[in-house]
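Heads up: the structure comes next, in structure tokens.
Keep in mind it's a predicted model, so treat the numbers as computed, not measured. Side-chain atoms are counted along with the backbone in the values below, which use heavy atoms only and exclude waters and symmetry mates. Counting begins at 1 with the first residue of the sequence.
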Amino acid sequence: MGGKNKQRTKGNVRPSSSGRAAEVLAREGGVIPGFVGFDSTVTSELSYVPAVHGAEDIDNLVDADFRLVLRKLSKRDVVTRLKAVQDFGSMCQERDAEEVKGVLPYWPRIYCKISMDHDRRIREATQQAFEQLVLKVRRSLAPFLKSLMGHWILSQCDTYTPAASAACQAFQAAFSPTKQPEALSFCKDEILTVLQDILLKETADTLSDPQSVTQEEREAKYVRMLTSSLLGVKRLLSLLLQDDRVALEQRLADLVNSGKFWKYSKHKTPQVRGAFFEMMCALCEFTPGLAQAEAARLCPAVLLSIDDTDPVVLPPVWEAVLHVVTMIPDCWVHVNSKKGFLPKLWSLLKEGGKGMAKSLHPNLMPLLSKLPSQVTDPALDFYTTFFTSFVQGLSSERAAMSPSESAVIVTSVVECLRYCILHNTENEEHQKKISSMLISQQLLPLVEKALGNPLLQNGPLFLLVTRLLVSLEKRVCLHKEDEDSNRKDVFQGLLTDFWEGLGLLFVRYVDNEEADPQALEGIASLLQINKAVRAILVLKSVNRKHSHKTKSVKICFSKPEDNGKTGVEGDGVEKPVQTVSLVNEKAFGSLQTQHFEDVVCQLAQLCLVHVNEKNSERHLIFLSLLLRSFHTPRVFSTLVELDDKISKDSGKDEVNMKNPALEFLLERVLVWLAEKDRSDTGHLVEMVFSSLLCCSKQEATRILNYITTMNLQWGIILQIIQRACADPDTLQNCNDWLKGAVLGEKLLGLTEELCKVGHCSPSSTSSTSSHSWTLISLVLSQHHNNVPLIGEVYMEKILEKLHATLSETKSLSDAGNMEPLISFICDVASTFFSSVQDCLVLLSAEELLLTVFQLTAQDQKHTHLSDSLLDKLRKVCLTGVQSLIQHSDYEVKEGGFLHSAAIWVKNQLLTVCLDIKSLQVLVLAVQSVVETIISVCNQDFSILFEFFTLLMPGQTEWTRIRGALPPQVSKPIYYPIRHVMWSLLTVSYILKIVCFISLFPACQSKLSTLQVLCPIMTKEDRETLVTLATQIMILCCVTDVYWCLTVLLCCLKASTQVEEEIVQAVLATVMEWRNSKEDWFLFSSDLSKATVEQLNLTVEIMRFLSWLVTHSSTLLGTNQWDFVLCSMLAWLETASENVSSLWNPWVQLFVCENTTLIVKLNQFFTSSSPDVVENLPSELTGEWTDFFVEGIYNLLLPLPVKIIGKSVNDPVFPLVVLQSVGMALKYVPVQQLNQNSLPPRFIADQKTNLPEPLQTLLNTFCPLLLFKARPLQIAVYHLLEKVMPQLPECDGEGDSNKSDDDRDEPCLSPPASLMAILSTCEELCDSILAGVQVGELAVVQPLSVEYSCILGYLLAWKLLLTFFKSSPSHNGSIMEGLALWKNNVDKRFEGIEDCMICFSVIHGSNYSLPKKACRTCKKKFHSACLYKWFTSSNKSTCPLCRETFF
């Protein structure tokens, strides 16, 4: 062994002496020598993985990659271990089973260590890797189970849920559910040994190395191991079979006999305490004998811990409490319940469970059922204290704020009350006292508490109380036939006490002039719930008895009466009864509801007294709430009997006298409704319908007709109609009234009155008629099963009146004063059109829609309507048209909307003198209608075709129009008159605007006119234009040919369908010109001497060829492609030779179109689909690549340098040419740049390893980055960007003289020419931006020297970054480092502070910002940095202020 500081020889991989000794022993003995605590046999429980050099030679069964990974698992670095575990799992999944099996002898020791690692990510990854190993080796794992299973069970109980879940998943992958008990039985002793050692022997310092692990980490691991061990015992017992549990009882007894074990019930960590009590549950459930034997310690530990309200501890504590009181009958012998258990329980209940009611209170009734008399004596005092504390908990802070907590407490209280009442029903004095106390001192005060508490009212209390009462009533019925009726009398007495007490309670609240509305609402809510629950029970009873075919009797479900009669008797009066099946009508019906209705009647009488004497509105509202649920003849009889103001000779008929509901309605409710100063009438309308529920349909119709004629406010009529439509049953009952003549005539009169008021006093319309218009809108739009709400006759009359009112506005000069009226009509019509299906089947509805359209189609100077109202009218019109077209059977017929609208529009155009503004309004209105039809028709344009046909003049109208034309117009079908707008509207007649014949002789202005009109022409007209232009081309006049090509291209660019023969003929004609008229092409010409017409013709030929390449390349054969490519190259040569002429704008256009053709060709050959390429001539692609590309860029590359000869400040400097050339240079291949033919350009003393063409390219174009022309700067940037990635590779070539060590270091020098640009610009940029502060906005004038300098500087940096991006480095590329640095600088300038852990704004790996803030020092940190801090330091404190981090 050498010294510690001895230099190791490079490349020395020979094992050390100890490693060689192990190797020799292995060869001689055949096995690896074992170490202390480890067996050296193949089936050993734990095996050893050597960590010294030469370990790879010890066991050849372990793959070299596995050995490397296993060694990394022992490293201290968390990231290294995590990566090693993940790699191990991946290797287990990917490698062969035999290779993985070689790892098994070493896996148990490693697993037992890393499965308990401090880092939870490592623990989770360990279980995931273990699953992969299990899936690979399968049964080969069996010899190592005893070594693994203890820590495997611990891992399944890991406090980190993902790790525990992964361990369980691995366990399930290894063993099926039927095999799991067998596997655990095989290893049960070893498992319990591991768990027992941790619980009784281990400490924080023995589980972790104190020298390498901090105190906090050691404590955290110890707590985690204790928790997992306690839960592991529970899991072991739950999975073992009963015989195995019995076999383990002695071992478990050794564990629970230890004093240290019982101290865990008071451990400072909640997780340990919670796990302890979960284990206690398991002991009671699976080993009751052992629990009974340890009762002296188990019972106090559990029963005296009920005040532990930690969220982790409380659920298992109470589960253990229930197990103890159930499994250990003498548990109270070991606990002083009066001094120890009950005081803690009272305190817990008074505080509402301390925020843990959801976990605590569901356990109270089971506990109550298990408490013996020795705990509850004296019973009266016990129950009094128990429920008083219980109810007091509802006032705790958490219960008062949380509806869910309050609901749980209430549910538990009522459940316990119900249990205690039902178990104290013997006819003994002390039990009577208890049950009476529970009703009078607990249940009724709880109900009273709820009356003033909205939280309790909205909770389950009232429903639970009702169910309690129903339960008592059922027991009265069950014991009625018993010989001994004592229990029946007890239950009956309890019910009587409750209802008497409840009645007194309700009377105390109601019989008060200043009664609390909240309390009154609570009383009504309780009574309504009571009624609803009973209704549900009756229905259930009906269904059950119907299934058993029991006899049927007649009862009134919703209107029971004391005498058993239902409905209202009288001539022609129906009796609303239902046939249901009951067990015993007397017992289950009248007995159950007697007390109930007594209370309701008493309260109703009190309400009526306060209304009569004090005119109390709150009592009237409460009476409405009562009648809404209790609309029974008995209740109405009580009200009628009380009202002594009703005269016997008041004219009431016999039927009304026999029906108290009608009598109350006519004599009281309608009187209240008729009061003029009453603002809120909703509750009175509810009373009306509550009374009508006791009437027949004929009576309801008669009463509603009477109410309609009472001249009530229209708002009340609106409320009545809305209430009638609230549910199908009420609607059916009121149907005759709604469709009757009384209501219909009333609504028609209202409509006439509203329209009249709108004419006479428009200012009052909006303030007085809002309810009235809402009513009209409701009756027009509300439909049931697609049937109108009111009679169809009256609906048509109302629509006719609205139509007439709108029609009048068209002829009024001051229609603007009627805007409120028109606005209301718009609202009504919009609602009607949008909500009623097939609404426009009515003729009056179509007439109304036509009037709305006419108002939108006229100029405001005629209608005097505001913009806002016109917008509303347009929306109404579009809504109506949409509803009209959606009707499946709609046809354009005479008298209909579309027919009438088309005729009206045509008459407006033919007979009315319209100005341009009026024409525009008319066109826009028709356009909106057409677009709506198109959107709805779904490609079925038959309706649209008929509409356009009606719009067009007939033969007679056309003849009259032609006669009105000026005499100089020779062709009658083309006319420049005001019908231009009309023709634009009917798109198909666009060519009638312009006469082609009048365009000759051609001029630029006429040609421009055609170019503008061409895109909006119809397909047929453009095809006619193409035919005309093609025929004129045969004249071969330069001017005419230019004109024809221009028009042809306009039509082609407008997607005109042209036959292939025509395109081929045009191309053949152009190719023939090259032979006969070559001077037209300007090949090798002096462009300075060319005329404008010659240049324009050549430009149009270029544009035509560009279109061919893009849209009709399939028409080109070998000869045509040769013509296109050769012409393109010839024009480029001409441009290159005429650089001096580029200051002529027409020559600039020539060069730009030439470069555009080059771009189109590049795009075609680089991005065409394979199908297109296959159909090209066989040699075309090769010729393009080998010949034409080289020719293009040999001419194009020097062109920018030639152009920049003159100053850029020249007004006609060819900037547009530079831009076009730049676009073409973007497609230059990199190979062409590497082998360019630019004139050589080198700089003295410039050191470079680049090839000469590449260096020449850089020296030529880098200076152009600063040229005062932005298009050129951008083009040069794109050009140089292509070669930048190659420079690092070229820069390293030719370094053959370097040593081997030197070659390891890259020699990556940025290009000198580029660095020169940066050097030149840096000082200029500093001086330009010297006065600009960081964060300020500085505007640089475009085309200025400063602008060019800054742009060139930025582009040079971007190129340099591209160079860096292609250059390798340590831990990523230089580009990534610069990007991270830039982001940090940007965020720093934005005011974001550094993370105080990594001292960086941007996180180094996930690029996040500091977001997690400490509540104390307010400093922010990266989430990843905090996680690393917490896991590495095992602390939960802020790294800066050291306060606990929340």
Side-chain angles (χ1 to χ4, degrees), residues 150-161 163-165 167-168 171 180 184 188 191-192 194-200 202 222-240 242 244-245 248-249 251-253 255-258 260-295 297-328 331 353 356 358-360 362-363 366-367:
H151 285 76
W152 204 350
I153 290 294
L154 278 175
S155 298
Q156 293 177 49
C157 303
D158 198 310
T159 55
Y160 181 52
T161 304
S165 176
C168 293
F171 190 70
Q180 290 176 9
L184 291 173
K188 61 181 182 297
I191 296 173
L192 195 56
V194 172
L195 302 178
Q196 187 170 346
D197 287 347
I198 295 174
L199 291 172
L200 301 182
E202 300 288 357
Y222 178 60
V223 168
R224 188 179 71 250
M225 296 290 285
L226 287 178
T227 304
S228 300
S229 299
L230 292 168
L231 295 175
V233 175
K234 176 185 176 181
R235 181 165 180 80
L236 177 63
L237 292 175
S238 65
L239 294 177
L240 284 175
Q242 184 58 34
D244 294 319
R245 294 171 188 153
L248 275 182
E249 280 198 13
R251 295 285 308 277
L252 289 170
L255 173 63
V256 299
N257 283 334
S258 172
K260 182 179 180 180
F261 173 78
W262 294 103
K263 292 180 180 178
Y264 293 136
S265 65
K266 301 298 181 183
H267 197 276
K268 62 180 180 180
T269 307
Q271 286 80 3
V272 176
R273 300 199 303 273
F276 174 83
F277 290 114
E278 289 195 44
M279 180 180 166
M280 293 300 100
C281 297
L283 288 179
C284 293
E285 181 179 359
F286 301 116
T287 58
L290 180 60
Q292 184 66 47
E294 291 293 332
R297 286 190 285 189
L298 189 151
C299 295
V302 173
L303 296 177
L304 298 182
S305 298
I306 60 171
D307 56 342
D308 193 338
T309 56
D310 189 279
V312 177
V313 184
L314 187 140
V317 162
W318 278 91
E319 183 182 358
V321 167
L322 295 181
H323 275 97
V324 167
V325 299
T326 302
M327 303 301 298
I328 307 178
C331 61
M356 292 296 295
K358 294 180 182 178
S359 301
L360 167 64
N363 300 298
L367 172 67

Query - Intermediate values then yes/no, side chain to side chain contact (heavy atoms under 4.5 Å, CB included), Q196 and F261 - result: CA-CA 10 Å; Q196 187 170 346; F261 173 78; over 6 Å; no
Report task. Please round to the nearest 0.5 Å and tell me the distance separating atom CG of L226 and atom CG of L195. Result -> 11.5 Å
Query raised in the report: Out of curiosity, I306 CD1 to L314 CG, how far, rounded to the nearest 0.5 Å?
Result: 9.5 Å
Query raised in the report: Between W262 and F276, what is the ring plane arrangement, given parallel below 30°, perpendicular above 60°, and tilted in between?
Result: perpendicular
Requested in this report: Test side chain to side chain contact (heavy atoms under 4.5 Å, CB included) on L154 and I198 and set out the steps.
Outcome: CA-CA 10 Å; L154 278 175; I198 295 174; 3.4 Å; yes
Query raised in the report: In Å and rounded to the nearest 0.5 Å, what is the CG to CZ distance from L239 to F286?
Result: 8.5 Å
Query raised in the report: C281 and P316: which non-hydrogen atoms are nearest, and at how many Å?
Result: SG-O, 3.8 Å
Report task. Please tell me if the side chains of W318 and F277 come closer than 4.5 Å, counting only heavy atoms from C-beta onward. Result -> no
Query raised in the report: Is atom NZ of K263 surrounded by more than 12 heavy atoms (other residues, nucleotides or ligands) closer than 6.0 Å?
Result: no
**Report entry** Pairs where residues 298-320 contributes a residue and the test salt bridge (Lys or Arg N to Asp or Glu O under 4.0 Å) is met, not counting sequence neighbours
**Finding:** R273-D308, D307-K344
Query raised in the report: What is the distance from atom CG of L237 to atom CG of L252, rounded to the nearest 0.5 Å?
Result: 5.5 Å
Requested in this report: Could you tell me the separation between the NZ atom of K266 and the CG atom of L304, rounded to the nearest 0.5 Å?
Outcome: 7.0 Å
Query raised in the report: Given side chains that start at C-beta, do those of E202 and S229 come closer than 4.5 Å, heavy atoms only?
Result: no
Query - L199 and L255, any side-chain heavy atoms less than 4.5 Å apart - result: yes
Report task. Could you check if a side-chain atom of L367 sits within less than 4.5 angstrom of a side-chain atom of N363, using non-hydrogen atoms only? Result -> no
Query raised in the report: Going by heavy atoms in the side chains, are L248 and K188 under 4.5 Å from each other?
Result: yes
Report task. Give the ring-plane orientation class for H267 versus Y264, where under 30° counts as parallel, over 60° as perpendicular and anything between as tilted. Result -> tilted
Report summary line: Only residue of V194, L184, V233, L192 satisfying side-chain contact (heavy atoms from CB on, under 4.5 Å) with I153 is L184
Requested in this report: Just do the side chain to side chain contact (heavy atoms under 4.5 Å, CB included) check on C299 and I328 with the steps written out, would you?
Outcome: CA-CA 8 Å; C299 295; I328 307 178; 4.0 Å; yes
Report task. For atom NZ of K268, decide whether the heavy atoms of other residues, nucleotides or ligands shown that lie under 6.0 angstrom number more than 12. Result -> no
Query raised in the report: Minimum heavy-atom separation for M327 to C284, with atom names?
Result: CE-O, 3.6 Å
Query raised in the report: Between Q271 and V312, what is the shortest heavy-atom contact and its length?
Result: CA-CG1, 4.1 Å
**Report entry** Considering all heavy atoms, the nearest D158-R224 contact
**Finding:** OD1-CD, 4.0 Å
Query raised in the report: Which atoms form the tightest heavy-atom contact between S238 and R245, and what is the distance?
Result: O-NH2, 3.6 Å
Query raised in the report: Side chains of L283 and H323: closer than 4.5 Å at any heavy-atom pair?
Result: no
Query raised in the report: Nearest 0.5 Å, what's the NZ-CE distance between K358 and M356?
Result: 10.0 Å
Requested in this report: Side-chain contact test, heavy atoms from C-beta onward, threshold under 4.5 Å: evaluate it for E278 versus P315 and give yes or no.
Outcome: no
Report summary line: Looking only at heavy atoms, the pair that brings C331 and V324 closest together is CB-CG1, 3.8 Å
Query raised in the report: Is any side-chain heavy atom of L231 closer than 4.5 Å to a side-chain heavy atom of T159?
Result: no
